[in-house]
Number of protein chains: 4
Amino acid sequence: MISATETAKDPPAKQPRTERGRRTRQKLIDAAAVEFGEKGFHEASIIGITGRAGTALGSFYTYFDSKDEIFRSLVKELGDMVKTRAAAALEPEQSALEAERAALHEFLEFSREHKEIYRIIDESEFVDPQGYRHHYERTARRIMERLAHGVAAGDLRSDVGEVEAWAIMGMNVFLGLRFSIWAEDADPIGIADTANALLKAGISAHS
Amino acid sequence: MISATETAKDPPAKQPRTERGRRTRQKLIDAAAVEFGEKGFHEASIIGITGRAGTALGSFYTYFDSKDEIFRSLVKELGDMVKTRAAAALEPEQSALEAERAALHEFLEFSREHKEIYRIIDESEFVDPQGYRHHYERTARRIMERLAHGVAAGDLRSDVGEVEAWAIMGMNVFLGLRFSIWAEDADPIGIADTANALLKAGISAHS
Amino acid sequence: MISATETAKDPPAKQPRTERGRRTRQKLIDAAAVEFGEKGFHEASIIGITGRAGTALGSFYTYFDSKDEIFRSLVKELGDMVKTRAAAALEPEQSALEAERAALHEFLEFSREHKEIYRIIDESEFVDPQGYRHHYERTARRIMERLAHGVAAGDLRSDVGEVEAWAIMGMNVFLGLRFSIWAEDADPIGIADTANALLKAGISAHS
Amino acid sequence: MISATETAKDPPAKQPRTERGRRTRQKLIDAAAVEFGEKGFHEASIIGITGRAGTALGSFYTYFDSKDEIFRSLVKELGDMVKTRAAAALEPEQSALEAERAALHEFLEFSREHKEIYRIIDESEFVDPQGYRHHYERTARRIMERLAHGVAAGDLRSDVGEVEAWAIMGMNVFLGLRFSIWAEDADPIGIADTANALLKAGISAHS
DNA sequence: GATGAATGAGGATTCATTCAT
DNA sequence: TATGAATGAATCCTCATTCAT
């Protein structure tokens, strides 16, 4: 149902062969994150990227085949960062609900540090549809795995599954949009607690 | 879920004076929905739109000032449709939870009929950022109003508020993405029921 | 052996729909002949072509999809011109040898008027290999047909065929290069007579 | 037919000092023959050449000043090869016609072994126009000298001269194109015989 | 109103050549 | 000598928009 593996073949790409090359490539990726985050894919320009990176225009093509390719690299890198950050926030003995609270909290913090992530992931729907879909499917899968653990541990209702995973992901994404990107007018911990209360017992008065 | 976005000042636009003109204009709007939905804003072209509409390139500018303008018109039109549909699905005597279930169910059905809506609303983030933000803020506000009703009626916990509204909107949007746009491998009624159970009592085993 | 037909499908191309458009297109073709003849394909530029044609850069793309395409159109046009001119020079009652003399003479004259033809046909070997091959194969075929007539009429030896056709074409092309393109230091009529004497009786002293 | 083109001043070029260097240089020349023959001058790239040669990009400039220079070196090398081959095919006591037959036959064989020669010589028209012209003028001169010998020996008509030399060169080049490069569907000996019969007595039935 | 030709700013991309290691 | 990263000039092509008919 949900694709089971990371894309088999990362494009072989032009991998730098020296340390100096590796550094230049990274400068370009970082610059691209800023440029794309600020202007969006279509308004962004290679000149803008290399300008920010402090390299010559041509150097871009030493490391990337095209504007599309660096964008895709960026989407993947951001996805990896989210995954890493989320994983780091989890602790072995946590209950399923505590894990979701920690994951959301971490995501809210991460989004505040990397505001560009929303525009880049959102725009990947048009620039790199496969990467876009992959991003959300892998994220949903991670949530499902956590939920499955919770079910196995007896923390969660036994019928909890994919629908709940996508619902949780949607909650998280929109809470990030509202409280990390558009305004920081509420404490991430409070948001995470509130959302967690919803998950724990719903919103009904007579639970 | 996805509602009309009225940009502050609706420029009076070039209104057709004759019936023939009105028909030509509508043909262009319909063609634009297909073109934008299929290709996204930037890949779409005026030629593509007029080609589908069966009019000459120049005729486009008889009715619209720019590519941006027809895009915004389209967003507005789609928003109006959803608004109408959503309103029709609600019933006066419904409880707050029943209203949310009905709203989600209707949205899932609508999304299946108008798959282009996701791409168009999503892309408005880049084409008409103000409209994009406005769209979600107003939708969240509408949900908040329903929740407030529920609180007043004693159906919902008294601390339910903005965070829950955004969480619900996020759930709905992502459930639509997964189960209406990407695949129709589950029954909208079942999805709506499952999501509603989450809202009602959470996912914990010991509620 | 030698392909029997003109290429089935001339690319549909962007045909002008008005008289004005037809004129603009022709201005571009004429300008391209000069530009390509002067600079060669790779040094030539679209700006150079539109500059000579007196049109805007973008107008080029109203009529041609690419630099390659106009080049190919040109190769074809030149090939057609050669064919037309050669045909016009032939007369019904001519003997085979007289026909060859007339064809060579006409070609020498034509080459003097259209010196760009050599560079363009020659460069088509690299830009439009199919067109290049097609050009010489169709020319050889025409010569073969004339020779076959001559054989049938009893003017020529009965074993005359494809080898002789290619030999004659080669003679003509190189005589044109030497006496029409590089220098006009001899009279086309004299050249044609001399070459025709070779065809008639060879160069041996004891024929 | 295709002979060495010595551009007025052979720049001393970067001669390798060591045996290892000499070998690297030769690897580059060989690789260039393949690359240019396959892609033509403009489509060929230095990276393509060094890739085939198995050297680093930068090493190219240790041995050649530019892409043009290696191209010219290649033309010269090919020319030297043909010159050697042609000379070896001629014999002292041959009649003028026999010499032409032997020269054509040898050229047809050589072209089959070195199909790249056509593309490289042809493209020199654009890359090294002086060399191109020089090449054919010198080849024509060589044929003229052979013809002059034949006239002196009484083998050939006394009015045979430059026109016939260019005609013969053209025949040979186009027979090579047709029967060595494009297809090998006929025996070089047969071709040479047929062409020689034309030279000997023409194509007329009543010679 | 309808038509389609004309316009030109704007940007991605290539690749020969230079240079630091 | 060998290596491969860095450079940037050069140009093709797109397409929204304007305009003449």
Side-chain angles (χ1 to χ4, degrees), chain A residues 14 16-25 42-50 54-69, chain B residues 14 16-18 20-21 24-25 42-50 54-70, chain C residues 14 16-25 42-50 54-69, chain D residues 14 16-18 20-21 24-25 42-50 54-70:
Chain A
K14 305 166 162 178
R17 276 175 247 234
T18 67
E19 171 57 18
R20 184 191 182 194
R22 209 197 46 67
R23 257 179 292 123
T24 303
R25 192 193 133 97
H42 288 95
E43 298 307 309
S45 70
I46 306 297
I47 288 227
I49 294 172
T50 54
T55 74
L57 170 58
S59 299
F60 178 90
Y61 292 92
T62 306
Y63 300 105
F64 302 96
D65 280 327
S66 66
K67 192 181 174 183
D68 272 62
E69 199 207 292
Chain B
K14 303 169 165 178
R17 306 269 168 239
T18 70
R20 181 192 182 196
T24 303
R25 191 191 136 98
H42 286 96
E43 298 307 307
S45 67
I46 307 297
I47 287 235
I49 293 171
T50 53
T55 74
L57 170 57
S59 301
F60 178 89
Y61 290 90
T62 305
Y63 299 105
F64 301 96
D65 280 328
S66 68
K67 190 180 177 185
D68 274 60
E69 198 209 293
I70 195 175
Chain C
K14 306 166 163 179
R17 274 173 246 229
T18 67
E19 171 57 19
R20 182 189 181 195
R22 211 198 46 68
R23 257 179 291 123
T24 303
R25 193 192 133 99
H42 288 95
E43 298 307 310
S45 69
I46 307 297
I47 289 229
I49 293 171
T50 53
T55 75
L57 170 58
S59 299
F60 178 91
Y61 292 94
T62 305
Y63 299 104
F64 302 97
D65 280 327
S66 66
K67 190 180 173 183
D68 272 63
E69 200 208 290
Chain D
K14 303 168 162 179
R17 307 272 169 237
T18 69
R20 182 194 182 192
T24 303
R25 192 191 134 95
H42 286 96
E43 296 307 307
S45 67
I46 307 297
I47 287 235
I49 294 171
T50 54
T55 74
L57 170 59
S59 301
F60 178 89
Y61 291 89
T62 306
Y63 299 104
F64 302 96
D65 280 327
S66 68
K67 190 180 176 185
D68 274 60
E69 198 208 294
I70 197 175

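So that the names make sense, note that chain A is the first sequence line, chain B the second, and so on, each numbered from 1. Only a predicted model underlies this, so the values are computations on that prediction, with no experimental measurement involved.
The listed nucleotides are F:dA5, F:dT7, E:dA12; the one nearest the side chain of A:T55 is F:dT7. Closest to the side chain of C:S66, from the set F:dC13, E:dA6, F:dG4, is F:dC13. Ranking E:dG4, E:dT13, F:dG4 by closeness to the A:L57 side chain, first place goes to E:dT13. Here E:dA16 is the nucleotide among E:dA16, E:dA12, E:dA5 with the atom lying nearest to any side-chain atom of D:Y61. Among E:dA5, F:dA2, E:dT13, the nucleotide with an atom closest to any side-chain atom of D:R20 is F:dA2. Looking at the side chain of B:S59, the nearest of the listed nucleotides E:dA16, E:dA2, F:dC13 is E:dA2.
D:D68 contributes atom CG, which lies 11.0 Å from atom CD1 of D:I70 (distance to the nearest 0.5 angstrom). A distance of 7.5 Å separates CZ in D:F60 from CD in D:E69, rounded to the nearest 0.5 Å. With rounding to the nearest 0.5 angstrom, the OG atom of A:S66 is 8.0 Å from the CD1 atom of A:I46.
With the nearest nucleotide of DNA chain E identified for both D:I47 and C:G58, C:G58 has the one nearer the 5' end. Nearest-nucleotide mapping onto DNA chain F: of C:F60 and A:P16, the residue sitting toward the 5' end is A:P16. Checking C:E43 against D:G21, the closest nucleotide of DNA chain F that is more toward the 5' end is the one next to D:G21.
When all heavy atoms of A:P16 and A:G21 are compared, the pair lying nearest together is CB-C, 3.4 Å.
The residue C:I46 sits close only to the backbone: its heavy atoms come under 4.0 Å of sugar-phosphate atoms, none of a base. C:T18 comes within contact range of the sugar-phosphate backbone alone, with a heavy-atom separation under 4.0 Å but no base atom that close.
Per the geometry, NE2 belonging to B:H42 stands 15 Å off P belonging to E:dG10, to the nearest Å. Between the C1' atom of F:dA16 and the CD atom of B:E69 lies a distance of 14 Å, rounded to the nearest Å. The CD1 atom of B:I70 sits 13 Å away from the C1' atom of F:dA16 (whole-angstrom rounding). To the nearest angstrom, C1' of E:dT21 lies 16 Å from CZ of A:R17.
Under 4.0 angstrom from either OP1 or OP2 of E:dA5 there lies no side-chain N or O belonging to C:T62. Between C:Y63 and E:dA6, a side-chain N or O to OP1/OP2 separation shorter than 4.0 Å is present. The shortest distance between the side-chain N/O atoms of A:S45 and the OP1/OP2 oxygens of E:dG10 is not below 4.0 Å. Using a 4.0 Å cut-off, some side-chain N or O of A:T24 falls inside it from OP1 or OP2 of F:dA6.
The base-pairing partner of F:dA9, taking Watson-Crick or G-U wobble contacts with both distances under 3.5 Å, is E:dT14. Base-pair partner of E:dT21: F:dA2 (Watson-Crick or G-U wobble, both distances under 3.5 Å).
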**Item:** Stepwise side chain to side chain contact (heavy atoms under 4.5 Å, CB included) check, C:R22 with C:R25
**Value:** CA-CA 5 Å; C:R22 211 198 46 68; C:R25 193 192 133 99; 5.8 Å; no
